[in-house]
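To start, the structure under review is shown below, and the notes come after it.
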Amino acid sequence: MAKKNKKAELQPAHPLDDLIRTDRIPHIWCQGCGIGTVFSACLIGMKHSGLELNKFAMVSGIGCSGRAAGYVNVDSFHTTHGRAIPFATGLKLANTDLNVIVFSGDGDLFAIGGNHFIHAARRNMDLTVICVNNLTYGMTGGQVAATTPHMARSTTTPSGNPENPFNLPLLAFASGATYVARWTMLHARDLAESIQVALLKKGFSFIEVLSPCPINYGRRNKEKALDTLNMYQEKTIIKNGADPSELDIDFDKGVILGKFIDVDKPTHIENYDKIYRTRE
Amino acid sequence: MEFWRVPFDADEIDVTQGEVHILEDRCKGCGYCIEYCPRQVLEFSSKFNQKGYHPPAVRKPDNCVNCHYCEIICPEFAIYSVETT
Ligand code: SF4
Ligand code: SF4
Ligand code: SF4
């Protein structure tokens, strides 16, 4: 033990060490995986929000991104597949002082958990949902997902995906989300600021973050991790307030990033309290 | 410092000087910090860390402007910068 402590003393501390479970680092994410960057931007957003850190709770579903709940040094919950949002809803309803963050992947939030997403947005549950979109099911070996671009290769679509993917910001907007943004992990600074704003905003906030899965998506689509990042730099355009219907992900045409929706509506809890918990 | 177009007030502005710290054994050698450092401060080192990856090494320490970009892009919490006093 004494030896270990000595090592800890010698090792300089990273500025986010207080928010991560350092004993579990290095994490399991592969070399070049973008989830770590999104996770780190989320922690920066939490710190900069000025909110009390012990009033945060992070909820994740299943998948590579779902592991985040196990690395954050606040109360966290690693739930069953697709069910991060219902668990988070329960947490928030039971303890309205908590700032509940849902940190999960595209497969978990939009395929298995797709219905939960649209209904939480419709109700305007006071949650901040961060979706790491790596266009595939990374953890299970790179199967086609609801977000895989048309004609992209995956283990289950070896000659190209015949389907069309979801436009996630459009889905969030149409379902009633009050804050909708999209960034890539390369835009980590904008992302951290956006997360900070979303955390301070009441109502349902949704941030989509494009992030490379070099192992199970990149490899099958001839994209090295750095190629994906260069594409994030060269083939994206920031257009705040863009029409959500223009936000399809097509890197040939260019991908639009920015904050698209920022409106105020009464939250589910406010409406519920008004109707069912009226106090004289 | 090199400029593409020298700002009019270049001689009045103090450029911050940073010092970059690397936690070598956390690094997985993705190279993002090296590629995207705006001041080309870093390069791959030839040594291996505990897990067998090549961590970055500081090539041009004087170039660091403490922008923290390496810190924010690193997926591994393995690098950060502080202002030198
Ligand atoms: S499989 Fe893909 S998403 Fe999962 S950790 Fe590896 S690179 Fe990241
Ligand atoms: S702080 Fe900025 S300039 Fe210094 S090493 Fe990191 S990225 Fe480069
Ligand atoms: S970004 Fe982090 S993990 Fe990648 S090479 Fe730099 S220090 Fe290592």
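Throughout, protein chains are lettered first and strands after them, A, B, ... in sequence-line order, and every chain is numbered starting at 1. The structure presented is a predicted model; accordingly, all values stated were derived computationally and were not measured. Note that these values count all heavy atoms, side chains included, but never hydrogens, waters or copies made by symmetry.
- Checked against a 6.0 Å centroid threshold, the rings of W29(A) and Y71(A) count as neighbours.
- A salt bridge links R26(B) with D17(A): the distance from a Lys NZ or Arg NE/NH1/NH2 to an Asp or Glu carboxylate oxygen falls below 4.0 Å.
- Using a 30° and 60° split on the angle between ring planes, H21(B) and Y80(B) fall in the parallel class, below 30°.
- Centroid-to-centroid, the aromatic rings of H54(B) and F44(B) stay 6.0 Å apart or farther.
- For chain B, the nearby parts of L226(A) are the backbone and the side chain; heavy atoms of each come within less than 4.5 Å.
- Salt bridge annotation for K201(A)-D262(A): present, with a cationic side-chain nitrogen under 4.0 angstrom from a carboxylate oxygen.
- The parts of L186(A) that come within reach of chain B are both its backbone and its side chain, each placing non-hydrogen atoms under 4.5 angstrom from that chain.
- Here the side chain of N49(B) pairs a donor or acceptor atom with the backbone of E24(B) at under 3.5 angstrom.
- For I20(A), the part lying near chain B is the side chain, with the backbone staying farther off; criterion is any non-hydrogen pair under 4.5 Å.
- Both the backbone and the side chain of Y69(B) come within contact range of chain A, each with at least one heavy atom under 4.5 Å from a heavy atom of that chain.
- Interface remark: E35(B) contributes side-chain atoms only to the contact with chain A (heavy atom separation under 4.5 Å).
- Heavy-atom distances place no part of A41(A) under 4.5 Å from chain B, backbone and side chain included.
- Of the two parts of L229(A), the backbone and the side chain both hold a non-hydrogen atom closer than 4.5 Å to a non-hydrogen atom of chain B.
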